[in-house]
Protein chains: 2
Amino acid sequence: MADATLIYNLLKEIFFLIDDGDRHLFSQYNLSVPRFYILWHLGNEPGISSQRLSELMICDKSNITRLSKGLEADGLVVRQPHESDGRALRLYLTEMGEAVREQSLATHLAYNDQRFSDCSVEGQDSLQQQLLCLKDSLLTQLTDFVRAENG
Amino acid sequence: MADATLIYNLLKEIFFLIDDGDRHLFSQYNLSVPRFYILWHLGNEPGISSQRLSELMICDKSNITRLSKGLEADGLVVRQPHESDGRALRLYLTEMGEAVREQSLATHLAYNDQRFSDCSVEGQDSLQQQLLCLKDSLLTQLTDFVRAENG
DNA sequence: CAAAAATAGTTGCGAACTCAACAGTTGATA
DNA sequence: TATCAACTGTTGAGTTCGCAACTATTTTTG
């Protein structure tokens with residue numbers, strides 16, 4: 001391994017820079033970054049549960065409760081009880097939610113293309129593959145850790 | 001460019017996974033992730049100012065005010081007035097702060113080596129280089145943007 | 001079927017974070 | 001030198017977040 005700490009620091013700094021850019025970008029739609037993320041996932045999987053959404057967003061479920069309530073209060077999301085499971089919710093976008101998602105997503109797509117274009121000349125595919133490997137590895141370690149804790 | 005959105009999502013997910021691991025790791029030292037980060041930077045640049053620290057941590061300076069005050073209250077950091085500049089502070093680690101930094105840093109180093117080892121076989125150097133390119137690019141875009149806003 | 005365990009979501013609490021507005025110090029300029 | 005601009009740090013307000021404890025529903029199992 002080249003230098004784990006260097007790669008660690010690069011990944012963190014890159015995230016903070018990306019997040020900073022996202023925050024400013026989404027502010028024109030009156031969206032925070034996590035609120036955008038929820039709209040994005042709800043468009044991909046309409047009727048998704050809070051539980052599943054918290055896994056996709058790698059955050060605590062209580063966070064989803066509050067974010068989705070806020071989005072519902074703003075008329076972008078509806079929270080319906082699950083047909084057969086009395087514990088669960090189903091989250092959907094409203095018409096307004098879909099409209100906001102579509103606009104902000106288009107802007108974000110263009111922004112990403114522009115933002116990542118400088119280093120695109122070569123080896124972009126290898127970057128992608130290595131990041132994918134890294135993510136899977138971290139995910140496996142996480143689930144192993146949880147398994148080890150619970151049994 | 002391969003797929004900007006895919007790379008974007010991978011970077012975000014990887015960060016959340018890394019951050020989640022860090023949080024659990026540092027909890028054994030009664031440290032949060034940002035508090036560890038401050039100890040780390042203070043060890044690298046003793047006497048650093050709040051302003052500079054906020055740039056390194058890519059966050060608002062008000063955040064540094066509160067974090068460093070908390071660390072001072074816990075006896076890990078001292079905040080001294082700058083000798084010649086009446087506006088600025090100089091931040092230093094206390095002896096206890098240095099001890100905590102040393103221990104947590106050693107644990108974190110080992111953790112990083114283990115955590116990133118799965119994908120290390122090949123192309124680790126290219127990953128490093130591409131991340132470096134990406135970080136520099138994002139940093140340049142940020143400063144260009146700030147410059148564009150202010151003049 | 002009844003008791004126990006797992007699951008989905010909520011709430012209270014405290015930490016971390018941004019943004020805007022502010023005070024005090026320093027530096028530039030006219 | 002006097003004024004104005006830039007810079008450093010602080011505070012108030014509001015959002016996001018994890019964790020722990022809780023309720024209410026399944027699901028398991030004895």
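Here is how names work: the chains are called A, B, and so on, in the same order as the sequence lines, proteins then strands, and each is numbered from 1.
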Heavy atoms under 4.0 Å, any strand shown: does [X] hit a base, just sugar-phosphate, or nothing?
X: A:Ser68; result: nothing
X: A:Ile58; result: sugar-phosphate
X: A:Thr65; result: base
X: A:Arg35; result: sugar-phosphate
X: A:Asp85; result: sugar-phosphate
X: A:Ser27; result: nothing
X: A:Ser62; result: base

Atom [atom1] of [X] to atom [atom2] of [N]: distance rounded to whole Å?
X: A:Leu31; N: D:dT16; atom1: CG; atom2: C1'; value: 15 Å
X: B:Lys61; N: C:dA20; atom1: NZ; atom2: P; value: 12 Å
X: B:Met57; N: D:dG9; atom1: CE; atom2: P; value: 14 Å
X: A:Arg87; N: D:dT26; atom1: CZ; atom2: C1'; value: 4 Å
X: A:Glu72; N: C:dG9; atom1: CD; atom2: P; value: 13 Å
X: B:Arg23; N: C:dA16; atom1: CZ; atom2: P; value: 12 Å
X: B:Leu91; N: D:dT8; atom1: CG; atom2: C1'; value: 12 Å
X: A:Leu67; N: C:dT10; atom1: CG; atom2: P; value: 12 Å

Any [X] side-chain nitrogen or oxygen under 4.0 Å from OP1 or OP2 of [N]:
X: A:Asn63; N: D:dG18; answer: yes
X: A:Lys69; N: C:dT11; answer: yes
X: B:Arg79; N: D:dT10; answer: yes
X: A:His24; N: C:dC19; answer: yes

| task | By nearest nucleotide on DNA chain D, pick out whichever of A:Ser32 and B:Asp20 is the more 5' one. | result | A:Ser32
| field | Closest to side chain of A:Leu89, choosing from C:dG9, C:dA16, C:dT11 | value | C:dG9
| Can you find a pair of side-chain heavy atoms, one from B:Phe15 and one from A:Ile58, that are under 4.5 Å apart? | no
| Going by heavy atoms in the side chains, are A:Thr140 and B:Asp118 under 4.5 Å from each other? | no
| task | Establish whether the base of D:dG12 is bridged to the side chain of B:Arg66 by a donor-acceptor pair shorter than 3.5 Å. | result | yes
| message | Is it the case that the side chain of B:Asp60 and the backbone of B:Ser62 share a donor-acceptor pair, with hydrogens and angles ignored and the cut-off at 3.5 Å? | response | yes
| request: Answer yes if the side chains of A:Gln141 and A:Ser137 hold a donor-acceptor pair under 3.5 Å, and no otherwise. | output: yes
| query | Can A:Leu105 be reached from A:Phe26 by stepping across I, L, V, M, F, W or Y side chains whose heavy atoms are under 4.5 Å apart? | reply | yes
| said: So, applying ring-ring contact (aromatic ring centres under 6.0 Å, His included) with B:His108, which one of B:Tyr37, B:Trp40, B:Phe36 is it? | reply: B:Phe36
